[in-house]
Structure formats: structure tokens, C-alpha cells
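Here is the structure we will look at.
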Amino acid sequence: MNIVVGINGMTEEKDIRPLVEAGADEFYIGYVPQAWSDKFGWEICPNRRPYKDYSYRTFEEAKKVCDTVHALGKKIYLAVNEHEYDSDRMAVALDILRDGEKIGFDAAIVSNLALMIEARSAGVDIPFTVSIGGGASSAEAIDFYLENVPGIKRIILPRSLTMKEIKKIADEAKGRVALEAFAIGDPCAFNDEYCFSWHSEGCEMFCAFLLSDPRFVRAPALEGNWKKRISSYDGSVSEERRIIDAAARSEAGAFGSVAEACDYEEKDDRSIFLSRVIRMCGLCSLKFFDEWGISAVKVPARGGEMRDEVIRMVKKAIDGGLEPAGCRALIGDPKFCSGRRCYYNYPS
Amino acid sequence: MNAMKMPELCLFVSRVGYIERVDVLLDLVSEKDIAAASNDIGRENVANQSSLRRLAELYGTINRKSFKRVYFGQETCERLIPSSSDISLAVQSSMANGWDLTIVLPYVAPFGAEKIKALCPAIIEAGEKMGSVEVAVQDVAGLSIISGMRNGKVIPVLGRLFSRMKRDPRFPVDSMPHGPEFVPQDSVLSTIRRTSFENYTYVKKLFSLGVHRFGMDALPQGVDTRKVAGGMFSDIYWPWIYVTSGRACHVAGITSPESARHPVDEFCQMECRRMQIEVRKPQAFYSVAKGNAVWMECPGIGDISGNIDRLIYEPYIPV
């Protein structure tokens, strides 16, 4: 099982070799040419990462990183995985794919069905990987893509799937298309493929915005036939409402912890590494992914600190076929493996 | 609204009981009573009243006869896929009221895909009884199953989650800080009002799958369908705008053990139908997490350019 690593537009030749030495087999990047920025500004990005320095900006830069990775004997992909492309965006996105083909990227990571179909119609033959944004959450979805879009070589499974679901899909897709899964990093509380919020450097992440105070939980009063009762409503609260409200309010504070940092204690460099760099861990799922025939596992986010260390941990877990006990030893902190830091809620 | 002809009015409900009690959903009560109890009845009920008043300004008196079609079902949770008996009841009520029927299905993982397949006989029967029935799907799995039925009386349409335009309660765009590469706002606004359905080869592929209609939300930034490929018709959903959703149901998570707050195989006590999490921030449209999704209220129907031939009215958040 290969390890796929995202790199940002600041990554230079000298930065790539250590990632390869740590165990990275495949890479992906974003590329936003000036023709795109001139039309759509920095707010709209062709690869869903409208952040400064996340993408390479010129054909030459993109070619250089592609050549560097190939010289190291590894593969590299071009992410063009925005959710929606009107006809103006589509024209430039097709040019980006054509550039990717000319440069020699091994595949393009795409999520929008229209882009896949328009690209093939326009004679763009670069192999496709269906991004998490393609929402291929079932065998039926995978069948649809394979039947309707030529040249799909891999499908990235949405990270919201459970282990049971991943196994079922892997069984059904076996021998037809390669699969890639997530098992480490920070899974958002929301599904990438159905999150249409503004995901940009220009404003706070919507999930963080939503989950931060003020918030409160409530059940509607005057449930049921409230329109008939409202004229005689005296402000008193029904017993049912009182019970629901009490239960909900007492738990309201806990809502934020769905996606916010948990109460994991950051007591030294190691615990800070686990808490802030690893964040969520599914190392013990890798042995099963390997057995089920999953082709690759992603170390998400482009760039970021101490990634060679993360890649080394993933590599050890894969190569060692580590069982949960071995993974816990690798993590080195039993508290980390409890509760919300577990990527797939692997039963202890 | 810019269009000369008003879009056909449709009603979207998620529970079969709502179809049966449609008059109650559409009742207007005194503004004085609403004002007095607004804090206690909850924003969703207040929105029910304000949206009905807005609708009456556009269409005149609103009652069950105002609607040509009912959309019935749910878009974000496979646990809420209607049962065969729900569909049967929806068919009966629709026929009794003279409405056409669109069955709304959510996006699905393997469990939900199996549920949809199991529902196919009931959908076919609905098509037989009513002459035809539409099925709104949110993902390619749903499209594959429904389109694959190849039944002329079962018509696939694309739900609003298939149009993946930006929706964010923090719009309008001019409230966001502009970066060094900011280009005139109009070009950004223009592109986030538009959809992939402007691309002809894609639309031709959809036609080949029997799809001639897609849904959109009444977005705060407006929607623009002027360049949508010919032969493709569009629905606009209002006043509750879908924003995002997760497999892990936040509302259910409130009552779940700590370890069960990320996706797990089994947990659901239908908390979505008992409580919700409100987000009240001055810089955002009113938003609410109900079930596994976040919705925002868009009080105005907004700037709708182009040809939209159905307005899908949601008297309540369709959960």
C-alpha cells in the first residue's frame, strides 16, 4: 500500500527527497495559473485550497516539481478538484488539465462530474483519480463513474465512511479500480463532498465558525399544533419541552468538542506532536486496508510541519502490519488512543 | 424576481404527517401572537410565518391548491429515507390533492444504497398509479439506481446537492477581507452564482440518463441560470438553504457517548426531530444544525436571473 502526500507551492526540490526517504510513494499538488487568478481572483480556487502559497503558480514551477518527483522514481498528481465549474471556470480548468498532461503528471485528481465529462470530450486523456469530493461512497457510485467516465484509474474514498463500509466497497471494487483511503490527519466534522461553505484563507473555516460560541441547543416550544395554541400561549413551557431542553442544554457545551481539540494533555514535545500534527489517528486501520486491497493511503493537507515524521509512522504501521497494540506502542501514549482522537472508532 | 412568469409553486416536506396536515403547515396566525411568543416558538416557526407572508405577496393567498407538486423525502440522511408505506401514503395524499409527486432521496453510503434499491418497487408503483413520478437524487449512486431503472414513469431529477455552488451564511462576499490578488468583485460574484449545468457535453450526458431538471438553493449571492444549457430546467429551493452536512450527526452526538461522536455504525434516536442547535452570530444569516446538516434561512428569495420554472417552498427545514 502506497503513501500519498500533498505538497504545497513552497515545496522545493530539497524538501521532497526527505519525504521520499521517510516513505512517501506518491505526491499531489495544486497549480493555479495566472489565467485563472486574473478571472476569478484568489477567492475561487480550482483545487479547493484558496490559501496563499498552497499552489504552484506557473507552468514552469509545476513542471519542475513534477520532474523532481519523477527523477526520484515516484508519482505525482495534479489536483483540479473544485466542486463546481460554470462554463467560464470550465474553460480554464480544461487548460489546467491540458497543462498537466503536457507536463507529464501521472494523473489528475478531479471531483466534478462535469469536468470529467467535458475533459474527455475535449480530448484530454490524463488519467483521473476521483477525489473525495466526488462522493464515491458506495459500489453504485463507483460503478457510475467507471461506466460514464473513461480513464478513471483510482477512487479516493470519502473519509466519513466506516471501516465496515470501506471493507464492503473494497470487496465490490476489487480488480476494477484502485482505491485510496484516509487514516491520519484531521477529518472535518463535515463531508468534503457535501460541504459548500466558503473554505478560504479570507475567512474562518465554517466548521470552526459554527462550533465556536455563541451557540445553544433548543427544542421548539409549542410543538405539534402550535398555531392553534399560540393565541392562548401564556409563556409556560410544556413538560416535554422542559425535559428535552434540560437534556440538550446540559450537553450543549459538548457539541463543540465534535470537531474542536479534545482534552488531550499536551505535556511535552511528543504529546504536542501527536495532538497538533497527527491530530486524528487511524494507524491501526492500515493493516486492514492493506488486507482489503486498498492501494494507497493519504497523508492529507499540503505542506505542514513534521510531515516526514508522520510519513515514517504510517510507513512503519503498513510495513509492520501492526495490530492495534503495535500501533499504540508506536503512538506511545495510551490516552491518545481513547475517545475522539481515533479516526475510525476502531473498537478497543 | 426578474422572470416575467412566476415559477410553478411546489411544496417540500420531509414527513408524511406534514402532507396529511398541509393546511396546518400553511396557516397564517396573527402577527401579534407571533411577536409575543417569538422567543419561545423558535425561529423555524417564525420563519414559517414570514416566508408564508412573502409567498402570499408573490402568489396571492397560499393554500393547498396553490401547489402543483409536492416534494417528499429527505436529502442528507440515509436513515430518513422514506419507507414504502410512506411513499404509498404520499401517493394517496398527492392524488387526493391533485398534486404531482417528487420523491426526494438523500446521498448515500452502502446502507442507504441498499435502502434505495429496496424502495424501487414502491417507486415504480407510484409511477404507475400517478402516471409518472419524479425522484430527486443527490449523488451519483442515487442517479445510477434511479436512472438504471429505465422506467419511463420514473423520472430522475437532480436535487440541490448536485449543484455544488458555494453556500455560506457569512455571505455577502463583500464582508470578506480582500487579498492582494483581489479582482473586481463582480467577476467573483458572477461565477459563484452559476453552475456546471452550463456545460453542454455534461448536460447531454445527463439527458442520456433521463435527467432534464436540477435543483439550486435561493442563494444569498443570487443564482444565474441564463447560460444553462437548453432543455435543462431548474428548481429553486426557499427559504431554507442547505450549507453542509456530516455523517456524524452532531445533534445525535449531543446525546451520545463521547467516543461515538465520529462516524460509527449504529447510533440514532431521531434527535433531529426533537432538537436543534442554533447559531446566532450578527455577521451571518441565521443558521441551524438540524440532524446531520446545517441550514441557513434566506429571508428573501433574492436575485434570480434566468429561467427557473419551479419554486420549491419549504415550510419547515426538511428534516
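Reminder, nothing fancy here: chain letters follow the sequence lines and each chain counts from 1.
Neither the backbone nor the side chain of B/Glu75 comes within less than 4.5 Å of any heavy atom in chain A. Only the side chain of B/Val294 comes within contact range of chain A, with at least one heavy atom under 4.5 Å from a heavy atom of that chain. At a 4.5 Å heavy-atom cutoff, the contact between B/Leu209 and chain A is made by side-chain atoms alone. For B/Leu25, the part sitting under 4.5 Å from any heavy atom of chain A is the backbone (N, CA, C, O) and nothing else.
Using modelled atom types, no side-chain atom of A/Arg48 and backbone atom of A/Glu82 make a donor-acceptor pair closer than 3.5 Å. A donor-acceptor contact shorter than 3.5 Å links the side chain of B/Ser196 to the backbone of A/Tyr85.
Among B/Ala293, B/Pro110, B/Ala141, the residue making the largest number of heavy-atom pairs under 4.5 Å with chain A is B/Pro110. When each of A/Asp192, A/Ile44, A/Asn191 is scored by its heavy-atom pairs under 4.5 Å with chain B, the top score falls to A/Asn191. For the options A/Gly133, A/Ala91, A/Ala122, heavy-atom pairs under 4.5 Å to chain B are most numerous at A/Gly133.
Using a 30° and 60° split on the angle between ring planes, B/Trp295 and B/Tyr242 fall in the perpendicular class, above 60°.
The number of heavy atoms from other shown groups lying within 6.0 Å of CD (B/Glu31) does not exceed 12. A 6.0 Å sphere centred on NZ of B/Lys117 holds more than 12 heavy atoms belonging to other residues, nucleotides or ligands.
Residues of residues 134-144 of chain A that come closer than 4.5 Å to chain B, counting heavy atoms only, are A/Ser137, A/Ser138, A/Glu140, A/Ala141, A/Phe144, ordered by residue number.
When ring centroids are compared, A/Tyr343 and A/Phe182 stay outside the 6.0 Å threshold.
Residues A/Lys227 and B/Asp27 are not paired through a salt bridge, judged by the lack of any N-O separation under 4.0 Å between the basic side chain and the carboxylate.
The heavy-atom pair separating A/Ser87 from B/Asn199 by the smallest distance is CA-OD1, 3.5 Å.
Partner of B/Val243 under the side-chain contact (heavy atoms from CB on, under 4.5 Å) criterion, chosen from A/Phe190, A/Phe196, A/Phe206: A/Phe206.
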